[in-house]
Undergrad: 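Pasting a structure here, questions to come.
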Amino acid sequence: MSTGSATVHPAAAPSLTSVFVRLKLSLLRNGLRQSTGRTLAYVASVLVGLLFAAGAVLGLIALRGNAHVGALVVLLTGILTLGWAVMPLFFPAGDETLDPTRLVMLPLRPRPLIVSLLVTSLVGIGPVVTFALVTGSVIAVADGPVATVVGVLAVVLVVLVCVSLARAVATASVRLLTSRRGRDLAVLSGLFIAIGAQGVNIALQKLGRPDGLSVLEPLGDVLRWVPPASAISAVDDAGHGAYGRAAVGLLLTAVVLALLLWWWQRTLTTLMTSPDSSTLQAVEKDSGRKSGSGDRGLERLLPGGRTGTVMLRTLRYAWRDPKSKMSWATAIGVGLLVPIVSSVQGNGSIYTAFSASALLGMQMYNQFGQDTSAFWMVASTISTPRDAYQELRARALTLALVAVPYVTLVVGGTAALIGPWSSFLEVYGLSLALLGALLATGALSSALFPYSIPSEGNKNVAAGQGAIAWFSLFGGLLIGGVLSLPLLGLTIWLHVAGLHSLLWVLLPVGVVYGAGVAELGLRVAAPRVARRLPEILVAVSKA
């Protein structure tokens, strides 16, 4: 446009990358302003992350010159990469600012968008910690000016590969992660974290032995050729004069980075140009299922009447409700893990199989709170102590339907793994007795100390009900342990008296005792449920 001799030029469009970075920083700042608690939690997480990174870097620098540090840093890089790969699956809402589905309506080209998202992804505590760990790894193995130059390139490549991998995985699975099954996967992350923590604990114990790093050499020889760990291995190779191997290691990582960016761009283009028909497909599948016959599968195997209905409802809650699924999966996973971990640590005992009965028996506690706000429909069907008894009995039978085969598997597996087999019948009988005692105390605790479980968020107890939850759980476990004392006393007496040939009687006695004490607990709890039904309804309905 011209006005006389003056020419007015249009303002240059701002860089897409700078816009995305400012957008992420603005959303982060506005999110922290919502509450003081959120701000404190974020600041605390940042401090913890930085302290961890600083400690790890100092430890890696202290290991500089160790003969096996090369295998350690290669393994560390592999673990970092694996963490970045699975992080979007377990924490899909961890960074909503980078959700590609929010950008579908914007006129953006894939290639500039990839660059902007990649740079924006580098803003955060995760990339900073990764950069620090990778830098510490390079310092631990770099020897000489050539290795230093290779190390600088390796740090850049490793960080870019980790971030690109996370973003590509998140983009490729965004439809799953925003569905109910995706949220279930995120909820189950606690189980994988618990298992992973036990694995790290075992590894640290082995590495703490004299010359413990030597056990990493076979694994390091394999991972040194797997990108991006190959870039870290290239630094070590350059320090020893193996420039050809160093070049191959860097090249492998660069090729993988290019492939990841290509895959990310392709999935992003598909995501932003194709319609989301997953909901329609799900509806069609459900309608196809409903068009078939009525009761099928598990429904035909359950008893008729109220018992079968309650059992089917409880099993569906355990499969469909995210928090119920998490509770069941954690109990089953940790119950299997405890004997294995104790065996690996070298101090295993067949008596660790009691964890199976204890953890699954705890699922009987707060039965009505597990129904959340839907309990009012159950309450409308309970008008007499007999109704309450049938409701509790069906829930206990559902738990026993899973717990008895599970306890059998864990006790048998522990006897085979740790031994001795001669103690199998004894431990099996005690485990079933403990399970019955926890079913009894769980039913009574559900009647006397119900509390609400929020349906949203990560809390398992509503505000103001924490003391009730702790008293319900630990008080019930204590009484359950007391109820198991008669059978435990019989076991001790048989051992002390040297009557080892009679230890087999603990199995039939344990079965009868467990079933009897569970039945007694249900009959004691049923009239209390019927009498306190309005109070229970109010307690489990609190937000």
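FYI, the numbering just counts along the sequence from 1.
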Undergrad: Would you please classify the geometry between the H495 ring and the H500 ring as parallel, tilted or perpendicular, with 30° and 60° separating the classes?
TA: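 Correct class here is perpendicular.
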Undergrad: Just verifying a value: how many Å separate T314 OG1 and L397 CG, rounded to the nearest 0.5 Å?
TA: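 It comes to 10.0 Å.
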Undergrad: Does anything in residues 512-524 pair up under salt bridge (Lys or Arg N to Asp or Glu O under 4.0 Å), and if so which pairs, sequence neighbours excluded?
TA: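 Matches after skipping sequence neighbours: E519-R523.
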Undergrad: Sequence neighbours left out, what passes ring-ring contact (aromatic ring centres under 6.0 Å, His included) with Y513? Give chain and number order.
TA: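 With sequence neighbours excluded, Y513 shows a ring-ring contact (aromatic ring centres under 6.0 Å, His included) to no residue whatsoever.
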Undergrad: Drop me the distance from I492's CD1 to L488's CG, to the nearest 0.5 angstrom.
TA: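 That separation rounds to 4.0 Å.
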Undergrad: Is there side-chain contact between L50 and V128, with heavy atoms separated by less than 4.5 Å?
TA: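 They are in side-chain contact.
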Undergrad: Is a donor from one side chain sitting under 3.5 angstrom from an acceptor on the other, for R306 and T381?
TA: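 A pair is found: one side chain offers a donor N or O, the other an acceptor, under 3.5 Å apart.
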Undergrad: Show the nearest heavy-atom pair for residues V338 and S355, with the distance to one decimal.
TA: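 Closest approach of V338 to S355, heavy atoms only: CB-OG, 3.8 Å.
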Undergrad: With sequence neighbours left out, which residue pairs that include part of residues 410-439 fulfil the salt bridge (Lys or Arg N to Asp or Glu O under 4.0 Å) condition?
TA: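 For residues 410-439: none.
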Undergrad: Name the residue from Q363, M362, Q370 that meets the side chain to side chain contact (heavy atoms under 4.5 Å, CB included) definition with S327.
TA: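 Among the candidates, only Q363 passes.
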Undergrad: Among T307, L522, V310, exactly one meets side chain to side chain contact (heavy atoms under 4.5 Å, CB included) together with R395. Which residue is that?
TA: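 The residue from T307, L522, V310 that satisfies side chain to side chain contact (heavy atoms under 4.5 Å, CB included) with R395 turns out to be V310.
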Undergrad: Would you mind reporting whether I350 and Y428 have side-chain heavy atoms less than 4.5 Å apart?
TA: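 Side-chain contact under 4.5 Å: no.
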Undergrad: What is the distance from atom CZ of F449 to atom CD1 of I536, rounded to the nearest 0.5 Å?
TA: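 Going from CZ on F449 over to CD1 on I536, the span is 11.5 Å.
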Undergrad: Atom CZ in F354, atom OG in S484: separation rounded to 0.5 Å?
TA: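 Reported value, rounded in 0.5 Å steps: 9.0 Å.
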